Chemist: 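Below is the structure I would like to discuss, written out as structure tokens.
Each chain gets a letter, A, B and so on, in the order the sequences are listed, and its residues count up from 1. As the structure is a computational prediction, the values presented were derived from the model and not from experiment.
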There are 2 protein chains.
Amino acid sequence: MAGATVSGGSTSAARSVDVARLAGVSQKTVSRVMNNEPYVSEDARRRVLEAAGALGYRLNNAARALASGRTRSIGVVSLGTALYGPASLLMGIERAARDTGYAVRVVTTLEGDAAGVAGAVESLLDQGVDGIVISEPIDEGELALNVDVPVLVIGAPAPYAAPRVVTAGVGADILARAATEHLLDLGHRTVHHLAGPPRWYAARDRREGWRTALAARGRIEPPVVTGDWSAASGYLVGRALAEDPAVTAVFAANDDMAIGLIRAVVEAGRRVPDDVSVVGYDDIPVAAYVTPPLTTVRQPFDAVAGEGLRLLVHTIENPDSDAVRASDPPVELVIRASTAPAPSGPAQAPRT
Amino acid sequence: MAGATVSGGSTSAARSVDVARLAGVSQKTVSRVMNNEPYVSEDARRRVLEAAGALGYRLNNAARALASGRTRSIGVVSLGTALYGPASLLMGIERAARDTGYAVRVVTTLEGDAAGVAGAVESLLDQGVDGIVISEPIDEGELALNVDVPVLVIGAPAPYAAPRVVTAGVGADILARAATEHLLDLGHRTVHHLAGPPRWYAARDRREGWRTALAARGRIEPPVVTGDWSAASGYLVGRALAEDPAVTAVFAANDDMAIGLIRAVVEAGRRVPDDVSVVGYDDIPVAAYVTPPLTTVRQPFDAVAGEGLRLLVHTIENPDSDAVRASDPPVELVIRASTAPAPSGPAQAPRT
DNA sequence: TTGAAAGCGCTAACAG
DNA sequence: CTGTTAGCGCTTTCAA
């Protein structure tokens, strides 16, 4: 094909034999040079590099993959939204992958996607990847992935029956617990929870952390209200919380919902944090600047992506190594102005 | 390789010859079936599909690419941040690409990246792609991309000297103009501008639109202050604006900076929108829920990505077609509560 | 409608 | 240190 579509004198892409000819070496030597292999004389190396430059030579990746059986690329399954968490993770993964010399293929899923994560993984496998990253997955039932490449699951306890799985970024429960305790320490009788979609592992973790904190202090556990991560949902389902005078402290499963909730509270005529304290989760870039600045939990997405990818690549390149779990990254409660001591008095000053 | 390394009974991945043997047809017929080519009897097709299923057969993409000269994948150069605009575009591109049957490879750049966009493009070309999307690029000087695949540039007037370039999503100036006029219509004497980094085409477009609107009504053009798209920068550089009593209306180049600016205004003891009106750009998901809800310009990222990608694929598959420019997508000014009539009198007064 | 033969451009052994 | 020989698993002719 190459060259066949070119009508004029335009030269089709140079191949390694062309470089070899020009450099006066064998094709194999060109291959050695391009792959930075040892056992090439400095002189030969120089000549090859020169010839390659002159010809604009570029290794053909398809041929390389076919011959070697390795694609040198990893596939990422990411949620197809611009939500801060998934997007940050995706960017972090790409950067980390590039550092390790792997290219990145991406497939996104949407919630309610018929094919779902399994379909995305299939598609990645069709494309050809040496490893797969599943970022912030949803529980779609015990998924038996028939995968022969290592899989990294970020933000979920590896619900996949795949051969070699590494996990990273699990442990949101600890932070959710810290967030809840912060509110309790402020004197609130109990803490309400505005949860994420129950099928998300991330949502479950945070809910568990909240529940644990409450249980540890013997507080009553109010019914959970559930949103879909969006500020809009935080606003909608938050209206009920906002109007309930018993509610003085809420831990929202992410910052977007926290912001929506705050709006609902404000519109209900109550003040944040004077009447209602709110804690978010993620520390999105605007969190420090909204009104009031949001107390929240900061996740080190880059660190999670980086360490997870390092482990994945290790597993790819050392097929016999055991599956591992990345160490939990340092997380941090960022206290700003959306939380304050519980309103004093009989519990709440009724305002309508 | 396949089979050669397998010592025991472990089966290595099935190849098309294996399927052919099982189905009792030639390898070429398997190829025809897998590619949905015509001229295969229904019976043969069925037998092949059956055998493929039984063997868990999967077309080898590397071999396919090598033999056909087409990779069926497109590369995306995206800014490596979770900023709403770039992230939305990336997700939209992936979705659109999948709809057209192309896989997606991603390379991110960071501002101040030594290699920059050119380096990212190189890396994509090394990986092997049939087309390239450059999303929201930065002006790094007239870039002569030595590229032999079609390029789609989103959000910039194609500063690339590449053979076949399509552009999409250019035209922010019109909306920036509408945003500015909205403020002028509200009775503000003039409108200040909190701009994005000057090297971003998106930032320039918005600034031009603002400038045009001002000029058209003969208003004075106040000095521009510049941020880096982040809420933090909006807050920092916004403090000067916030404290200047002459400032009653500001058009910020994106919502994050608008939010940071509002915080600065509030901290300066002035009210939004009573004393200062603020308009953002992007309509990020929290824009409707921050305090006050933000008047902003909504960009249809999905539509831009979708149409741009359609054109790119068309150009890939019809090499002789002319380079085109996607039609400008419908954009929209969303009026919320961060804008109000100019404070009357020499000082400021409450609004309606 | 089907199949045989000939590569695509590279890496993997194995010799020199 | 360098080259030779075989494929990798497909798609592409071209012939039947």
Chemist: Looking only at the side chain of Tyr39(B) (C-beta and beyond, no hydrogens), which of the listed nucleotides dT2(C), dT2(D), dT11(C) gets closest?
Modeler: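 Between dT2(C), dT2(D), dT11(C), the one nearest the side chain of Tyr39(B) would be dT2(C).
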
Chemist: Figure out the CG/C1' separation between Asp126(B) and dC10(C), and round it to whole Å.
Modeler: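 So the two atoms are 15 Å apart, to the nearest Å.
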
Chemist: So which nucleotide from dT2(D), dC10(C), dT11(C) ends up closest to the side chain of Ser68(A)?
Modeler: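 Nucleotide nearest to Ser68(A)'s side chain: dT11(C).
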
Chemist: Strictly below 4.0 Å: does Asn61(A) bring a side-chain N or O up to OP1 or OP2 of dC10(C)?
Modeler: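 No.
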
Chemist: Without decimals, in angstroms, what is the distance between Leu66(A) CG and dG9(C) P?
Modeler: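 Rounded to whole Å, this separation is 12 Å.
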
Chemist: Quick one, Met91(A) and Leu79(B) - any side-chain contact, counting heavy atoms below 4.5 Å?
Modeler: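 Heavy-atom side-chain distance check fails, nothing below 4.5 Å.
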
Chemist: Under 4.0 Å, counting only non-hydrogen atoms across every strand here, what does Ala44(A) touch: a base, just sugar-phosphate, or nothing?
Modeler: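 Sugar-phosphate contact only - Ala44(A) comes under 4.0 Å of backbone atoms but never of a base.
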
Chemist: Measure from CD on Gln127(B) to P on dG9(C) and round the result to the nearest Å.
Modeler: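 Computing the Gln127(B):CD to dG9(C):P distance gives 20 Å.
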
Chemist: Can you tell me the distance, in whole Å, between the CZ atom of Arg70(A) and the P atom of dC10(C)?
Modeler: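 Taking CZ of Arg70(A) and P of dC10(C), I get 17 Å after rounding.
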
Chemist: Starting at atom CG of Asn36(B), determine the distance to atom C1' of dT11(D), rounded to an integer number of angstrom.
Modeler: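 It works out to 16 Å between those atoms.
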
Chemist: Looking only at heavy atoms, what is the nearest atom pair of Ala13(A) and Asp18(A), with distance?
Modeler: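 Where Ala13(A) meets Asp18(A) most closely, the heavy atoms are O-OD2, 4.4 Å.
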
Chemist: Is any side-chain nitrogen or oxygen of Ser16(A) closer than 4.0 Å to OP1 or OP2 of dC10(C)?
Modeler: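 Checking Ser16(A) against dC10(C): at least one side-chain N or O falls below 4.0 Å of OP1 or OP2.
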
Chemist: Please confirm whether the shortest side-chain N or O distance from Arg64(B) to OP1 or OP2 of dC10(D) is below 4.0 Å.
Modeler: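 Checking Arg64(B) against dC10(D): no side-chain N or O falls below 4.0 Å of OP1 or OP2.
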
Chemist: State which of dT11(D), dC10(D), dT2(C) makes the closest approach to the side chain of Val40(B).
Modeler: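 Of the candidates, dT2(C) comes closest.
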
Chemist: By a strict heavy-atom criterion of less than 4.0 Å, which residues belonging to residues 21-34 of chain A are in contact with DNA chain D?
Modeler: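 Val25(A), Ser26(A), Lys28(A), Thr29(A), Arg32(A), in order of number.
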
Chemist: Roughly how far apart are Ile316(B) CD1 and Thr71(B) OG1, rounded to 0.5 Å?
Modeler: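 One finds 8.0 Å between CD1 of Ile316(B) and OG1 of Thr71(B).
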
Chemist: Looking at Val76(B), Leu312(B), Leu309(B), Ile93(B), which one forms a side chain to side chain contact (heavy atoms under 4.5 Å, CB included) with Ile154(B)?
Modeler: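 So, applying the side chain to side chain contact (heavy atoms under 4.5 Å, CB included) to Ile154(B) and each of Val76(B), Leu312(B), Leu309(B), Ile93(B), only Ile93(B) qualifies.
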
Chemist: Nearest 0.5 angstrom please: Leu90(A) CG to Glu94(B) CD, how far?
Modeler: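 Separation between the atoms: 9.5 Å.
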
Chemist: Just verifying a value: how many Å separate Glu37(B) CD and Thr29(B) OG1, rounded to the nearest 0.5 Å?
Modeler: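 The CD atom of Glu37(B) sits 10.0 Å away from the OG1 atom of Thr29(B).
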
Chemist: Got Val149(B) and Ile132(B) here, is their nearest side-chain heavy-atom distance under 4.5 Å?
Modeler: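 In short, these two side chains touch, coming nearer than 4.5 Å.
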
Chemist: I'd like to know if the side chain of Arg64(B) pairs up with that of Asn35(B) as donor and acceptor (distance under 3.5 Å, no hydrogens or angles considered).
Modeler: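 On atom types as modelled, these side chains qualify, holding a pair under 3.5 Å.
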
Chemist: Contact list please: residues 52-60 of chain B against DNA chain D, heavy atoms, distance less than 4.0 Å, in numerical order.
Modeler: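 Contacting residues: Tyr57(B), Arg58(B), Leu59(B), Asn60(B).
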
Chemist: In terms of side-chain heavy atoms of Ala67(B), which of dT11(C), dC10(D), dT2(D) is nearest?
Modeler: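 Between dT11(C), dC10(D), dT2(D), the one nearest the side chain of Ala67(B) would be dC10(D).
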
Chemist: Under 3.5 Å, is there a donor-acceptor pair between the Ser31(A) and Gln27(A) side chains?
Modeler: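 Looking only at side-chain atoms, Gln27(A) and Ser31(A) do not form any donor-acceptor pair under 3.5 Å.
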
